[in-house]
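Written below as structure tokens is the structure these notes are about.
All heavy atoms count here, side chains included; hydrogens, waters and symmetry mates do not. Residue numbers begin at 1 in each chain, while the letters A, B, ... track the order of the sequences.
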Amino acid sequence: MTDTPHSTPRIPDPSAKWQARWEEMQLFRAPDVPRPGKKYYVMPMFAYPSGDIHMGHFRNYTLTDAIARKKMMEGYDVMHPFGWDAFGLPAEQAAIKRGLHPEAWTLSNVAQSKATLRRCGISFDWSREVTSCLPDYYKWTQWMFVQLFRHGLAYRKEAEVNWCGSCNTVLANEQAAGGVCWRCGNPVTKKNLTQWFFKITAYADRLLRDIDTLDEWPENVRTLQRKWIGKSVGAEIDFRLADGTKIRVFTTRPDTIYGVSFMAIAPEAPLLAHLPMPAARRAEVDRFVAKAQAQLTVERLANEEKEGVDTGVWVINPVTGGQIPLWVADYVLSGYGTGCLMGVPAHDQRDFEFAKKYHLPIRPVIKVAGSDPSAYEMTAAIEDAGVMINSGPFDGLDGQAGIDAVIAHLEQNGTGRAQTQFRLRDWLISRQRYWGAPIPMIHCAKCGVVPVPESDLPVLLPTGGIDFLPKGRSPLADVPEFMNVPCPSCHAPAQRDPDTMDTFMCSSWYFLRYIDPHNETAPFDRKKAAAWLPIDYYMGGISHATGHLIYFRFFTKFLKDIGWLSIDEPAVRLFNHGMVMDSQGQVMSKSKGNVVSPVDVIERHGVDPVRVAMFFAAPGEREVLWSDSGIVGAERFLVKADQFVRGARVALGRGHFDPDMRFDVGRLTSAERTIYRKLHQTIKKIDRDFAALQLNTCIAAVMELVGELGSGEQLRPELRAVCAAAIVRLLAPMTPHLSEEWWEALGFGPSVFRAPWPVVDEAALSSDMIVIAVQINGKLRGQVTVPADADEKAVIAAVQSEPKLNAHLLGKTVVKTIYVPGRLLNIVVK
RNA sequence: GCGAAAGUGGCGGAAUUGGCAGACGCGCUGGACUUAGGAUCCAGUGGGGCAACCCGUGGGGGUUCAACUCCCCCCUUUCGCACCA
């Protein structure tokens with residue numbers, strides 16, 4: 001990125017001076033316990049230390065920085081902490097590539113990024129910094145694991161899991177969405193492994209229900225979470241083989257039980273091996289299962305054609321007693337419901353397609369809106385609710401009544417019951433990688449799985465002499481000094497768990513550690529947590545909608561249940577910032593070579609002009625196509641503001657003045673009144689736009705004000721100085737260093753962030769004359785200026801006395817007039 | 001395929017939520033000051049027209065005195081989810 005020699009006057013960058021002052025006065029140090037009702041906890045998602053920070057980080061953190069600073073000026077005890085999400089695969093991969101240890105690589109990135117953030121003047125309370133790969137942090141990550149285990153929410157099971165062959169590890173369901181690895185994008189395969197899971201499904205109902213309370217979260221995140229949790233209400237129904245073997249299905253439509261014409265079971269279903277299939281069928285089924293299992297998840301998703309094989313086994317419908325064939329089908333998911341479904345082709349489109357392909361009967365049993373599907377050949381399934389037909393004693397029952405009646409019947413006969421299913425799966429937490437927090441569990445031949453006693457935490461990740469190259473099994477398994485420990489319970493020789501935890505475990509509770517980062521006896525102090533929580537403003541990217549943002553809600557609820565927290569939800573408000581792209585609209589990435597470093601830009605222009613340019617480019621939630629060209633306007637504006645502020649001080653002469661002095665509008669000149677009104681309109685606009693993080697229009701408002709003020713010579717010196725003091729403070733969240741410099745130049749101290757935020761003078765807003773837009777037949781024809789208290793009649797009279805406007809009315813009849821007080825008059829004529 | 005969001009000058013974006021479309025800025029054009037201008041200042045800048053006016057917020061319909069805004073259909077882009085029984 002080249003930069004032409006300077007085409008605008010530079011404004012001196014006072015950032016180093018003020019950053020040192022802030023450090024000295026501990027401006028950003030949050031109190032241990034905030035004053036009641038006066039706390040404000042604002043945080044960006046912590047960062048993955050993958051190198052130095054780029055313009056995207058700069059944007060995110062200057063946004064929370066601006067919020068934090070405004071809240072300080074509004075008199076809040078602000079906590080604005082930061083930390084490092086420092087465990088995880090990329091560090092390992094980068095370290096392997098460079099021949100470094102992941103820890104060395106990670107910590108050097110942390111140091112580099114931190115230096116840059118300090119250089120940018122972000123108002124983080126560095127005394128609360130957390131780094132998830134350090135033992136004083138992951139000790140408590142392990143502690144969390146132990147608590148989950150003790151409360152029955154961490155368990156081991158053999159399961160078919162998502163495996164990334166490139167990262168050589170298992171992945172959580174959330175990390176394998178779409179059948180590809182979240183980190184490297186490689187297709188995911190399935191493996192049967194014994195792994196640790198967190199029983200997040202036990203919280204599915206609460207996680208879903210409480211989404212309704214998150215009314216300051218973006219609607220799209222709430223929708224994504226609802227769908228991800230995916231609640232389905234219905235029934236489970238037991239079908240039987242002739243020999244009595246139960247085959248259980250889940251359905252949301254028990255009212256279609258008379259329409260079942262086949263059963264379909266997932267190729268992965270363990271039950272398949274035990275079914276009494278005829279030999280010829282068995283061979284064909286085995287071939288089909290082998291083929292399905294060899295397929296990658298992505299391929300299977302891409303294949304819209306449903307395929308299956310008849311097992312030759314017959315099943316009895318518990319309600320009708322009818323015999324139906326059991327098929328293996330690749331569209332049945334082994335992980336959802338029971339891995340087996342009842343095929344109702346007439347009322348489920350997937351079943352319909354399957355039945356068409358394999359010529360299975362299609363029996364309509366639901367009638368919608370009077371048209372009886374038995375009477376014609378169906379071309380698609382009817383999935384809407386309707387009246388039951390061809391259903392024996394249930395005929396005529398409608399919708400929910402039909403569902404309830406069938407469930408009642410099933411329950412009476414012990415062949416089924418009401419049941420709710422979730423799409424959400426338990427959270428697979430173990431990883432076969434080195435760079436993570438060791439799972440604090442010990443496997444003893446005699447005692448089974450025993451948690452490491454809390455007094456023995458942390459289980460240190462060995463750092464010396466480890467071969468951490470991925471081999472598909474845990475590197476720690478090959479470190480005997482780590483693996484071999486006495487059983488905490490019987491003291492016999494035992495083995496540690498060789499796996500490490502998913503990094504999302506570290507990020508599920510970091511917001512709690514900020515509250516009490518140096519506590520050595522507990523993850524955090526409950527009283528401090530009660531005082532600081534919940535997070536008032538949480539800033540992050542949309543990409544975490546169904547991962548981290550569900551996990552940290554889960555942790556919050558769990559910790560509440562075990563008495564550590566008193567809140568149900570971790571964050572009151574969530575804001576998804578937009579991404580920063582290069583000027584072509586491409587994502588910045590090292591491989592593309594289009595990464596812009598904030599350091600370079602800041603060195604050339606100073607911190608605050610870059611901040612202004614970034615804020616001014618777009619509202620906070622929108623993406624920004626970054627180019628240096630925006631800085632030009634920012635610099636011009638800041639030079640003007642600088643001149644105005646300094647000029648105002650000079651005009652006033654020496655001595656103190658009250659920056660919040662009110663003026664009696666009646667005693668101001670008309671020019672002064674206009675400016676005084678504009679000033680308070682600006683304050684009002686900024687308060688409103690800031691709330692939505694539309695800092696672009698906040699800056700535009702100040703630009704307008706500065707433009708209207710000009711040199712300010714038309715104003716009495718006191719008013720001019722008051723305007724200057726207001727501008728300095730209104731800009732302070734956006735231009736913290738320059739505002740400090742100006743605040744000092746105006747004669748105030750010690751920091752503009754200890755000064756009060758300007759308050760709107762409502763009396764200043766009113767005006768004696770107002771401009772009314774005039775429309776004739778809905779078309780804008782001009783304006784009239786009338787006294788502010790003019791009524792409709794007076795405005796009409798003003799229009800008629802304006803020859804240009806009146807010309808439109810001559811020879812016409814006024815049909816009606818619409819008057820929007822203070823805004824607009826529309827005259828409809830014929 | 002389903003869902004969500006978006007589409008406004010050459011560009012980034014405004015529009016008090018149904019009330020003067022294009023605020024603010026970049027860029028561009030002309031002028032001033034200048035040895036110079038890539039500084040600064042002044043003026044202009046959606047399109048058409050000498051003008052009165054006309055047209056204009058992806059396209060087409062509709063509701064309304066009034067539509068970027070609300071409703072219906074379509075197109076494009078981006079992002080989620082992707083057989084969840």
Side-chain angles (χ1 to χ4, degrees), chain A residues 4-9 177-179 218-221 223-224 227-228 230-232 234 249-253 256 264 298 300-306 329-333 335-344 347-351 353-354 383 421-425 542-543 545-546 579 583 585 612-613 616-619 621-627 629-634 636-637 639 681 684-685 688-689 694 696-707 771-783 804 807 815-820 822-829:
Chain A
T4 50
H6 251 271
S7 55
T8 41
E219 192 51 52
N220 59 343
V221 173
T223 305
L224 281 170
K227 286 177 81 167
W228 190 263
K231 183 177 185 172
S232 294
V249 300
F250 173 74
T251 178
T252 54
R253 292 297 300 275
T256 62
V298 262
R300 196 133 144 208
L301 291 174
N303 180 18
E304 286 179 22
E305 187 79 1
K306 296 165 183 39
D330 63 359
Y331 74 98
V332 184
L333 302 169
Y336 183 76
T338 61
C340 186
L341 59 80
M342 60 182 217
V344 186
H347 304 292
D348 182 286
Q349 186 58 27
R350 295 154 304 185
D351 297 345
E353 287 162 21
F354 192 77
E383 297 190 327
Q421 279 289 334
F422 290 92
R423 190 182 170 283
L424 185 73
R425 312 291 157 83
I542 181 72
S543 57
T546 54
M579 303 234 293
S583 51
V612 169
F616 191 60
E621 77 278 3
R622 203 168 315 180
E623 78 181 20
V624 164
L625 306 192
W626 175 255
S627 99
S629 64
I631 301 177
V632 176
R636 280 184 196 145
F637 161 62
V639 167
Q681 282 169 345
K684 194 168 183 176
K685 179 171 174 59
R688 196 186 59 225
D689 292 1
Q694 287 179 16
N696 54 333
T697 53
C698 291
I699 291 168
V702 183
M703 285 175 168
E704 261 187 76
L705 176 62
V706 170
V771 176
I772 304 287
V774 178
Q775 297 183 336
I776 314 289
N777 286 343
K779 283 192 196 242
L780 182 72
R781 295 297 178 188
Q783 307 176 324
K804 236 181 113 181
V815 179
K816 79 197 253 200
T817 57
I818 295 101
Y819 180 55
V820 184
R823 285 189 164 283
L824 169 142
L825 175 75
N826 187 11
I827 304 174
V828 184
V829 296

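- Separation of the C1' atoms belonging to B/G58 and B/U77 is 11 Å when rounded to the nearest angstrom.
- With rounding to whole Å, A/R423 atom CZ is found 11 Å from B/G80 atom C1'.
- Across B/C2 and B/G62, the matching P atoms stand 27 Å from one another, rounded to whole Å.
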For this session: Scan nucleotides 13-22 of chain B nucleotide by nucleotide, 5' to 3', and note B when protein non-hydrogen atoms come under 4.0 Å of the base, S if they reach only the sugar-phosphate, - if neither.
Result: SSSB--BB--
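- In this entry the distance linking CG of A/L333 with P of B/A82 reads 10 Å, nearest Å.
- Note on A/S627: every side-chain N or O is 4.0 Å or more away from OP1 and OP2 of B/C26.
- When rounded to the nearest whole Å, the span between CD of A/Q349 and C1' of B/A82 equals 16 Å.
- Between A/L224 atom CG and B/A4 atom P the separation is 11 Å, expressed in whole Å.
- Shown here, B/U45 forms a base pair with B/G27; the pair counts as Watson-Crick or G-U wobble because both key distances fall under 3.5 Å.
- Glycosidic conformation, B/U69: anti, with the torsion outside 90° of 0.
- Along RNA chain B, the nucleotide closest to A/G337 and the one closest to A/N220 are compared, and the more 5′ of them pairs with A/N220.
- Nucleotides B/C24 and B/G46 place their P atoms 12 Å apart, quoted to the nearest Å.
- Minimum interatomic distance between A/Q694 and A/P619 (heavy atoms only, all atoms of both residues): CG-CB, 4.0 Å.
- Listed nucleotides: B/C54, B/C24, B/G80. Nearest to the side chain of A/K779: B/C54.
- Residue contacts for A/R781: at a heavy-atom cut-off of 4.0 Å it reaches the sugar-phosphate backbone alone, with no base atom in range.
- In this structure, B/G56 makes no Watson-Crick or G-U wobble pair, since no nucleotide meets both defining distances under 3.5 angstrom.
- Nearest to the side-chain atoms of A/E704 among the listed nucleotides B/A85, B/A23, B/C81 stands B/A23.
- A glycosidic torsion no more than 90° from 0 defines the syn conformation, and B/G9 adopts it.
- Atom P of B/U8 sits at a distance of 24 Å from the matching atom of B/G3, rounded to the whole Å.
- Applying the Watson-Crick and G-U wobble criteria (two distances, each under 3.5 Å), B/A5 pairs with B/U77.
- A/K227 has no side-chain polar atom (N or O) that falls below the 4.0 Å cut-off from OP1 or OP2 of B/C81.
- Counting to the nearest Å, the P atom of B/A85 and the CG atom of A/D351 are 12 Å from each other.
- By the 30° and 60° cut-offs, the orientation of the rings of A/F354 relative to A/Y331 is tilted.
- As rounded to whole Å, 20 Å separates atom P of B/C81 from atom CZ of A/F422.
- Across all their heavy atoms, A/T697 and A/D689 have their closest contact at OG1-OD2, 2.6 Å.
- A straight line from CD1 of A/I699 to C1' of B/G12 spans 13 Å, rounded to a whole angstrom.
- Without hydrogens or angle criteria, A/Q775 side chain to A/L824 main chain gives no donor-acceptor distance under 3.5 Å.
- For B/G12 and B/A6, the C1' atoms lie 16 Å apart once the distance is rounded to whole Å.
- When all heavy atoms of A/F250 and A/T338 are compared, the pair lying nearest together is N-OG1, 3.9 Å.
- Closest-nucleotide positions on RNA chain B for A/K804 and A/M703 were compared, and the one nearer the 5' end corresponds to A/M703.
- Here, B/C72 and B/G80 have their C1' atoms 26 Å apart, quoted to the whole Å.
- In this entry the distance linking CZ of A/F637 with P of B/C26 reads 12 Å, nearest Å.
- Here the separation of B/G59 from B/A15, taken at their C1' atoms, is 23 Å to the nearest Å.
- Rounded to whole Å, the C1' atom of B/C74 lies 14 Å from the corresponding atom of B/G7.
- Pair check for B/A66 finds none; no Watson-Crick or G-U wobble contact set falls under 3.5 Å.
- Scanning both residues, A/V344 and A/D351, for their nearest heavy atoms gives N-OD2, 2.9 Å.
- Residue A/R636 places at least one side-chain N or O closer than 4.0 Å to OP1 or OP2 of B/G27.
- Shown here for A/M342 and A/V249, the closest heavy-atom pair between the two residues is N-CG1, 3.8 Å.
- A/E383 has its side chain within reach of A/D348: a pair of non-hydrogen atoms, C-beta onward, lies under 4.5 Å apart.
- Looking at heavy-atom distances under 4.0 Å, A/T223 makes no contact with the nucleic acid at all.
- What you find for A/V828 and A/N777 is that their closest heavy atoms are CA-OD1, 3.3 Å.
- A/A177 comes within contact range of the sugar-phosphate backbone alone, with a heavy-atom separation under 4.0 Å but no base atom that close.
- Rounding to the nearest 0.5 angstrom, the gap separating the NZ atom in A/K231 from the OG1 atom in A/T252 is 14.0 Å.
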